[in-house]
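Written below as structure tokens is the structure these notes are about.
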Amino acid sequence: MAHTGRPATGGNGSARPPTVTGLAEQHKRGRPRSTGDHRCDRCHQQVAKIRLHWPDGAICGRCFTEATHTYGTCPDCAEHRMLPGRSPDNQPICRDCARITTALTCTRCHREAERFRAGLCIRCALHDDLDAVLKPGDDLRLHRLIGLLTSSERPESIYTYMRGSKARALLEAIGERELPLTHDAFDQLPDSRAVDHLRALLTHHRMIPERGNETLVRFEQWLATRIAGLPDDGTSQLIERYATWQHLNRIRAKATDPGTNLETVIC
């Protein structure tokens, strides 16, 4: 079946492989679904609000999101693209074959995707937010960081991460050039998952150098701090000798085995 006048997708708009064969079961995310007086014709559940109406019926918000995140080969026209519609036998099909007129193309990158904000897809909106916070200027590492975050498999997760107060403060500190991209600078920060996540990302992509097992490094720093706070009456020397030659050496030996979980060894 031939169609004309389709917008160029510029790719399938998602990091997922362009196929609907063997799709993994969708995991329900977020808050529990609110019940109400409206019935969704996709999931057949009672919902508080209908997002929109498509040719196959009323669509709730969750089904709309699932539909706009489904990409693959349309069985009717054999094109690789978003498959938000449903055929009479309930197969995912493209919006043209389903006669869906909802605007589902990003006004900037022209990929088929759910419009997240002001006509932009989540990736383009996230790029604007990161650019405003990180202020990359001529810093190639920050431009690369923005590219990595916006190209992640689930950009929605990065958007949620950015909304966290600790993550936001980290990114703002980098943008204001108050937090250099160095291990020494990150070592001065209070421990948090936001710090660990960002450090691991920067290290993995070689924006800051590798320095071995991070769990081991953190333990060595903790040990040095604790020993420095002990009384200078011979106690600190005894504990340092035992901790270094017995415990620390054992942990360092375990760290050479990539299959060892140092968190359990240290505890």
Exercise for the section: List the atom of Ala98, the atom of Gly85, and the distance in Å for their closest heavy-atom pair. Expected result: CB-CA, 3.6 Å
Exercise for the section: Could you grab the distance from atom OH of Tyr161 to atom CZ of Arg168, nearest 0.5 Å is fine? Expected result: 12.0 Å
Exercise for the section: Might you point out which heavy atoms bring Cys60 and Cys40 nearest each other, and give the distance in Å? Expected result: N-SG, 3.4 Å
Fill in the blank from the handout: CD1 of Ile100 to CG of Leu83, rounded to nearest 0.5 Å, is 10.0 Å
Exercise for the section: Apply side chain to side chain contact (heavy atoms under 4.5 Å, CB included) to Ala185 and list each qualifying residue two or more places apart in sequence or on a separate chain. Expected result: Leu179, Pro180, Thr182
Practice task
Return yes when atom NE2 of His197 has more than 12 non-hydrogen atoms of other residues, nucleotides or ligands closer than 6.0 Å, and no otherwise.
Solution key: yes
Handout entry: Enclosure of Arg163 CZ (heavy-atom neighbours >12, cutoff 6.0 Å)
Key = no
Handout entry: Separation between CG of Asp56 and CG of Asn90, rounded to the nearest 0.5 Å
Key = 8.0 Å
Handout entry: Check: Arg42 side chain, Cys63 main-chain N or O, donor-acceptor pair, under 3.5 Å
Key = no
Exercise for the section: Decide yes or no for Thr65 and Glu114: does some side-chain heavy atom of the first lie under 4.5 Å from some side-chain heavy atom of the second? Expected result: yes
Problem - OG-CD1 distance between Ser152 and Ile122, expressed to the nearest 0.5 angstrom - result: 9.0 Å
Practice task
Report yes if some heavy atom in the side chain of Met207 is under 4.5 Å from a heavy atom in the side chain of Arg144; otherwise report no.
Solution key: yes
Practice task
Identify the residue among Arg81, Met82, Arg111 that makes a side-chain contact (heavy atoms from CB on, under 4.5 Å) with Leu104.
Solution key: Met82
Practice task
Might you work through the salt bridge (charged side-chain N to carboxylate O under 4.0 Å, His left out) test for Arg62 and Glu66, ending with a clear yes or no?
Solution key: CA-CA 6 Å; Arg62 179 173 288 179; Glu66 181 177 341; over 6 Å; no
Practice task
Report yes if some heavy atom in the side chain of Met162 is under 4.5 Å from a heavy atom in the side chain of Leu126; otherwise report no.
Solution key: yes
Exercise for the section: Not counting sequence neighbours, which residues clear salt bridge (Lys or Arg N to Asp or Glu O under 4.0 Å) with Arg99? List them please. Expected result: none
Practice task
Determine the interplanar angle of the Phe116 and Tyr159 rings, folded into 0 to 90°, and report it as parallel if under 30°, tilted if 30 to 60°, perpendicular if over 60°.
Solution key: perpendicular
Problem - Flag side-chain contact, heavy atom, 4.5 Å: His183 against Arg199 - result: yes
Practice task
Say whether His38 and Gln45, considering side chains only, have a donor N or O and an acceptor N or O under 3.5 Å apart.
Solution key: no
Practice task
Taking the side chain as every heavy atom from C-beta outward, state whether Leu202 and Leu145 have any pair of such atoms under 4.5 Å apart.
Solution key: yes
Fill in the blank from the handout: Residues at least two apart in sequence or cross-chain that pass salt bridge (Lys or Arg N to Asp or Glu O under 4.0 Å) with Arg86, listed by chain then number, are none
Handout entry: Main-chain N/O of Thr105 paired with Arg115 side-chain donor or acceptor, under 3.5 Å
Key = yes
Problem - Listed once per pair and sorted, the ring pair (Phe, Tyr, Trp, His ring centres under 6.0 Å) pairs that draw on residues 124-152, sequence neighbours left out - result: none
Handout entry: Arg123 side-chain N/O to Cys109 backbone N/O, donor-acceptor pair under 3.5 Å
Key = no
Practice task
Calculate, to the nearest 0.5 Å, the distance between atoms CG and SG belonging to Asp96 and Cys94 respectively.
Solution key: 5.0 Å
Handout entry: Any donor-acceptor pair under 3.5 Å from Thr160 side chain to Glu156 backbone
Key = yes
Problem - Results of side-chain hydrogen bond (donor to acceptor under 3.5 Å, both in side chains) for Thr102 - residues two or more places apart only - result: Trp54
Exercise for the section: Decide if atom CG of Asp89 counts as having more than 12 heavy atoms of other residues, nucleotides or ligands within a radius under 6.0 Å. Expected result: yes
Exercise for the section: Could you tell me whether the side chain of Val195 reaches within less than 4.5 Å of the side chain of Leu170, counting heavy atoms only? Expected result: yes
Problem - Residues Ile59, Asp41; criterion side chain to side chain contact (heavy atoms under 4.5 Å, CB included); working and verdict - result: CA-CA 6 Å; Ile59 310 295; Asp41 291 319; 5.6 Å; no
Handout entry: His80 ring center within less than 6.0 Å of Tyr71 ring center
Key = no
Completion exercise
One should read off an interatomic distance between Lys166 NZ and Leu198 CG, to the nearest 0.5 angstrom, of 14.0 Å
Handout entry: Side-chain heavy-atom pair Thr203, Arg206 within 4.5 angstrom cut-off
Key = no
Exercise for the section: Taking the side chain as every heavy atom from C-beta outward, state whether Ile50 and Phe64 have any atom pair closer than 4.5 Å. Expected result: no
Listing, residues 129-136 side-chain donor-acceptor contacts under 3.5 Å, not counting sequence neighbours, or none:
from, atom 1, to, atom 2, distance (Å)
Asp129, OD1, Arg117, NH2, 3.0
Asp129, OD2, Arg117, NH1, 3.2
Lys135, NZ, Glu176, OE2, 2.4

